[in-house]
Amino acid sequence: MRSSLDNYLVSHSSLPNDALEWLEKQTNIRTNYPRMLSGSVQGELLKMLVEMTGASRVLEIGSFTGYSAICMASGLPEGGHLDALEINDELEDLMREGWKRAGVSDKITLHIGDAVETLKSLDGPFDFVFIDANKRQYCEYFDLVFPKLAPGGIIVADDVLWDGKVYTEPLAHDAQTVGLLNFNDKIKNDPRVEVVVLPLRDGLSIIRSVNR
């Protein structure tokens, strides 16, 4: 259920295309946790960030039903490419149908399997990275992907506020919250990057590589 703020943001941001609307509807019908979908406002932000940074190689860690991949692929220049990592092979058909409808299939390579193992096998440099997978492993994802990041490259990490669990006292001690607490502290104290946390949806960290 969207809040009044969410409804206002959606109504005053660029509208999603037909393929994204179809995919959002199918995600609500065919999955158990449709709120994991990026949604139109976050999706438009990701698209604009890819466009504004001129990124030509994009990496997505955690694709779910492929909504955010469509958004980022839509922002790629001619010849740009996105590597999408997803562990749940049951979502593959839905992802590929959405990408086909959006006309971005030729811009995306899907890697099904454990993200940590896949990351070890991928070569950089990547200009733009979106992290939205297992919250327990955000620190591990960062450590694996940062050496593959282009100078001045951008990492966007989703869900970093985690329904307020990372700042509401007493702090929760479940594995996912602890993983995000460790990640947020790690990024804040890393001299190789600068970061800003945005309270959009469940929190987005925009991280830029500096001093490489």
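Side-chain atoms are counted along with the backbone in the values below, which use heavy atoms only and exclude waters and symmetry mates.
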Strictly below 4.0 Å, N to O, side chains only: are [X] and [Y] in salt-bridge contact?
| X | Y | value |
| --- | --- | --- |
| Arg136 | Asp159 | no |
| Lys120 | Glu117 | yes |
| Lys148 | Asp123 | no |
| Arg192 | Asp190 | yes |
| Asp6 | Arg201 | no |

Between CG on residue Asn134 and CD on residue Gln176, distance to nearest 0.5 Å: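 The distance works out to 6.5 Å.
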
NZ-CG distance between Lys25 and Asn28, expressed to the nearest 0.5 angstrom: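 It is 10.0 Å, given to the nearest 0.5 Å.
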
Hey, are the side chains of [X] and [Y] touching, using non-hydrogen atoms and a 4.5 Å cut-off?
| X | Y | result |
| --- | --- | --- |
| Cys71 | Tyr67 | yes |
| Asp83 | Phe126 | yes |
| Leu204 | Val156 | yes |
| Asn88 | Ile112 | no |

Distance-only, no hydrogens or angles: does the [X] side chain make a donor-acceptor pair with backbone N or O of [Y] under 3.5 Å?
| X | Y | value |
| --- | --- | --- |
| Trp99 | Gly66 | yes |
| His81 | Lys107 | yes |
| Asp163 | Lys165 | no |
| Ser13 | Val10 | no |
| Thr168 | Gly164 | yes |
| Glu86 | Phe64 | yes |

Distance-only polar pair, side chains of Thr65 and Gln26, donor-acceptor under 3.5 Å: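 Checked: Thr65/Gln26 side chains show no N/O donor-acceptor pair below 3.5 Å.
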
Residue pair Asp158, Gln42: steps toward the side chain to side chain donor-acceptor pair (under 3.5 Å) verdict: CA-CA 10 Å; Asp158 197 14; Gln42 181 173 297; 3.3 Å; yes

Trace of the side chain to side chain donor-acceptor pair (under 3.5 Å) decision for Glu60 with Ser63: CA-CA 7 Å; Glu60 177 177 57; Ser63 293; 2.6 Å; yes

Quick check: is [Y] connected to [X] through a chain of hydrophobic side chains (ILVMFWY, heavy atoms under 4.5 Å apart)?
| X | Y | answer |
| --- | --- | --- |
| Val195 | Leu180 | yes |
| Ile131 | Ile70 | no |
| Phe130 | Ile187 | no |

Parallel, tilted or perpendicular, as decided by the 30° and 60° cut-offs, for the rings of Tyr141 and Tyr138: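 Tilted: the ring planes of Tyr138 and Tyr141 meet at 30° to 60°.
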
